[in-house]
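Below is a structure I'd like to ask you about.
Quick note on labels: first sequence line is chain A, next is B, and so on, each numbered from 1.
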2 protein chains.
Amino acid sequence: MHMKSSLAQSQWPVSVATAPACEGCGLVERCFLAKPLPDDDGDCADIVRRRYPIERGERLYRRNTPFTSLYQVCSGSLKTQRETPEGDLVVTGFFLPGDVVGIDALADRQYQSDAYANIDTEVCQLDFERLLSHCAHKPGLNAWIISMIGSYVRRKDSDLSWSCSLQTHQRVLRFFLDLHERLTQASHTQSSGLSLPMKKQDIASYLHMTPETLSRNLAQLRREGLLHLHDNRFTLPDTTRARAITGL
Amino acid sequence: MHMKSSLAQSQWPVSVATAPACEGCGLVERCFLAKPLPDDDGDCADIVRRRYPIERGERLYRRNTPFTSLYQVCSGSLKTQRETPEGDLVVTGFFLPGDVVGIDALADRQYQSDAYANIDTEVCQLDFERLLSHCAHKPGLNAWIISMIGSYVRRKDSDLSWSCSLQTHQRVLRFFLDLHERLTQASHTQSSGLSLPMKKQDIASYLHMTPETLSRNLAQLRREGLLHLHDNRFTLPDTTRARAITGL
DNA sequence: CGCCTCATTGATCGTTGTCAAGCCGGGTGG
DNA sequence: CCACCCGGCTTGACAACGATCAATGAGGCG
């Protein structure tokens with residue numbers, strides 16, 4: 001019964017040694033890659049390539065190229081984008097520290113989108129073939145993979161359910177609530193304001209609206225005292241009311 | 001197009017014996033459940049419960065109940081729906097013969113939506129715990145699961161990318177193109193017209209528009225000769241033009 | 001300084017949601 | 001067999017929201 005109540009990441013044994021390359025990584029205490037992999041008996045070393053830097057604006061992988069690796073964000077942030085039939089670019093996801101990117105490539109063994117760094121970023125690379133080949137005799141590792149994919153599915157599903165059905169100002173507010181939550185859980189800093197790790201254009205694209213509409217809605221949310229945003233730093237002064245409005 | 005057979009399904013040995021309950025199932029020649037499961041050495045019998053009927057309008061599972069099983073549709077069709085914060089119901093997916101439903105429950109071990117039969121339907125039930133417990137010593141089975149989830153992710157991802165960014169009439173047309181493709185690949189019947197296995201209200205909800213808007217768009221597509229739809233049977237007279245319009 | 005990209009604000013137009021009425025087909029009961 | 005009802009669907013008139021077009025401002029970098 002290796003697969004108890006929850007597939008959650010938290011059930012891995014709080015492990016002892018952390019890999020040398022992980023020293024100083026802000027994610028280290030909640031990152032499973034920083035610890036030995038589940039059921040690792042020492043032969044998993046070739047799976048992970050740790051803390052690999054990507055510069056702002058640099059591309060991590062390109063659409064329609066062969067899928068080889070998954071990547072976990074250590075610091076910074078990534079976006080994935082695709083092209084519409086008309087040739088416009090649409091942002092399909094943002095990836096923050098702790099998130100795994102590349103899962104959309106599992107089915108076709110081809111990346112389904114282009115992945116770019118929004119700001120200077122570090123990722124850990126996971127060789128998927130090697131990962132799978134170790135799974136057979138490591139049920140814990142297998143469960144971890146399915147859990148990881150499950151989280152991605154949940155996120156996509158919930159995105160899909162609100163990104164179209166909510167009103168514009170609700171979408172914007174929900175985006176910032178969600179972002180706040182993900183950023184604070186990743187790094188436990190409760191500093192005065194979080195920095196916005198992507199461009200507003202990209203946010204607009206992700207939320208299926210024009211930059212103009214986003215800007216107007218931001219102005220209104222500021223007026224209503226639901227969001228402070230200045231110089232790429234933001235806070236949510238009244239999360240209770242915000243949650244009530246967005247239904248989160 | 002987007003129907004390259006995914007990761008692993010096609011690589012199973014075209015197997016010999018089909019299970020008795022699968023005789024007469026329309027899906028039998030493309031269904032992997034009809035054949036012994038990958039790497040099955042005989043002890044997988046308890047995983048699958050075959051061809052289990054659900055009546056039109058009946059609920060298969062309910063949101064926020066414990067996740068136990070995945071279901072593959074044999075015949076008929078299912079929908080999944082959720083409630084918005086305002087209390088409206090939104091259809092989040094349609095499942096046709098060959099599709100696996102319940103994958104959104106993987107992360108939380110709770111179903112994330114309500115699943116209903118649109119018409120009289122048959123499903124095969126897969127006990128997920130048992131499935132996983134067999135994975136350890138059956139790498140093929142493991143790969144199959146990941147492939148199955150991968151297909152789901154791909155579908156969700158592509159839904160997400162077009163269901164919001166396209167114009168209304170494009171969304172409608174794309175929906176019918178997609179439906180046509182999925183229905184014909186499931187049962188190889190190239191009959192004169194396919195029957196629409198769901199209500200228009202649900203289609204409207206799924207496409208994020210009102211029934212009125214859907215109706216108007218259907219009327220226009222008929223006028224333009226891109227879609228025939230009468231008495232719940234439909235054909236696509238000009239798939240080439242339709243594809244060009246929707247970017248599929 | 002000038003160029004560039006990003007962000008903001010205003011004016012106008014078009015598409016879609018809303019509200020309302022009418023239609024059609026299936027089911028029920030007299 | 002027909003009258004009736006009800007849910008699903010269609011069509012029309014109107015209002016509202018967001019996209020488009022255009023102009024301006026703010027910051028980064030050669």
Side-chain angles (χ1 to χ4, degrees), chain A residues 55-57 77 79 81 84 86-91 116-120 163-176 195-224 227-234 245, chain B residues 55-57 79 81 84 86-91 116 118-120 163-176 195-224 227-234 245:
Chain A
E55 279 180 15
R56 174 184 203 270
S77 102
K79 69 176 173 187
Q81 61 183 21
T84 66
E86 288 80 19
D88 314 315
L89 294 173
V90 185
V91 173
Y116 287 93
N118 296 315
I119 53 182
D120 289 349
S163 69
C164 297
S165 58
L166 292 184
Q167 298 281 13
T168 316
H169 65 278
Q170 290 174 307
R171 283 214 300 278
V172 176
L173 190 51
R174 176 134 183 177
F175 176 83
F176 278 92
S195 97
L196 196 65
M198 66 280 284
K199 288 188 292 189
K200 297 202 178 145
Q201 290 181 140
D202 287 333
I203 299 178
S205 169
Y206 179 68
L207 295 177
H208 305 290
M209 61 186 72
T210 59
E212 292 95 322
T213 307
L214 174 62
S215 184
R216 281 181 243 276
N217 278 278
L218 289 177
Q220 191 185 340
L221 288 174
R222 260 185 289 246
R223 261 179 262 125
E224 294 173 11
L227 172 71
H228 288 165
L229 172 54
H230 189 64
D231 273 337
N232 265 13
R233 300 195 72 78
F234 73 98
I245 291 173
Chain B
E55 280 180 14
R56 174 185 205 269
K79 69 176 173 186
Q81 61 182 22
T84 67
E86 287 80 18
D88 313 316
L89 295 172
V90 187
V91 174
Y116 287 93
N118 295 316
I119 53 181
D120 289 349
S163 69
C164 297
S165 57
L166 292 184
Q167 299 280 14
T168 316
H169 66 278
Q170 291 174 308
R171 283 214 300 279
V172 175
L173 190 51
R174 175 132 183 180
F175 176 83
F176 278 93
S195 95
L196 196 66
M198 67 280 285
K199 288 190 292 190
K200 296 198 179 149
Q201 290 181 138
D202 288 332
I203 299 178
S205 170
Y206 179 69
L207 295 177
H208 305 290
M209 61 186 71
T210 58
E212 292 95 323
T213 308
L214 174 62
S215 184
R216 281 182 243 275
N217 279 279
L218 289 178
Q220 191 185 339
L221 289 174
R222 260 185 290 246
R223 262 181 260 124
E224 294 174 9
L227 172 70
H228 288 166
L229 172 54
H230 189 64
D231 273 337
N232 265 14
R233 300 195 71 80
F234 73 99
I245 290 173

Output a table of nitrogen or oxygen pairs between the protein and nucleotides 24-30 of chain D separated by less than 3.5 Å.
none

key: Terminal helix-axis angle for the helix from dC1(C)-dG30(D) to dG30(C)-dC1(D), with five pairs defining each axis and rounding to 10 degrees   = 30°
message = Near DNA chain C, counting only heavy atoms under 4.0 Å, which residues of residues 205-214 of chain A show up?
response = E212(A)
Show me the protein contacts with nucleotides 13-15 of chain C, counting only N or O atoms at under 3.5 Å.
none

remark   = K200(B) NZ to dG8(D) P, in whole Å, measures 13 Å
message = If you compare all heavy atoms of L229(B) against all heavy atoms of R222(B), which two are closest, and at what distance to 0.1 Å?
response = O-NH1, 2.8 Å
remark   = Rounded to the nearest 0.5 Å, the OH atom of Y206(A) sits from the CE atom of M198(A) at a distance of 9.0 Å
Quick one: side chains of residues 208-216 of chain A, donor-acceptor pairs under 3.5 Å with protein atoms, not counting sequence neighbours, listed by atom name and distance.
unit_1  : atom_1 : unit_2  : atom_2 : d
T210(A) : OG1    : T213(A) : N      : 3.3
T210(A) : OG1    : T213(A) : OG1    : 2.8

ask   = Going from CG on L218(A) to CZ on F176(A), what distance comes out if it is rounded to the nearest 0.5 angstrom?
value = 5.0 Å
query = For the atom pair CD (Q170(A)) and CG (N217(A)), what is the distance rounded to the nearest 0.5 Å?
reply = 10.5 Å
query = What are the residues of residues 216-224 of chain B, sorted by number, that bring a heavy atom to within less than 4.0 Å of DNA chain C?
reply = R216(B)
task = Enter the distance from N118(B):CG to K79(B):NZ here, rounded to the nearest 0.5 Å.
result = 6.0 Å
inquiry  = Would you compute the distance between atom CG of L221(A) and atom CZ of F234(A) and round it to the nearest 0.5 angstrom?
reply    = 12.5 Å
ask   = Does K199(B) have a side-chain nitrogen or oxygen under 4.0 Å from the phosphate oxygens OP1 or OP2 of dG8(D)?
value = yes
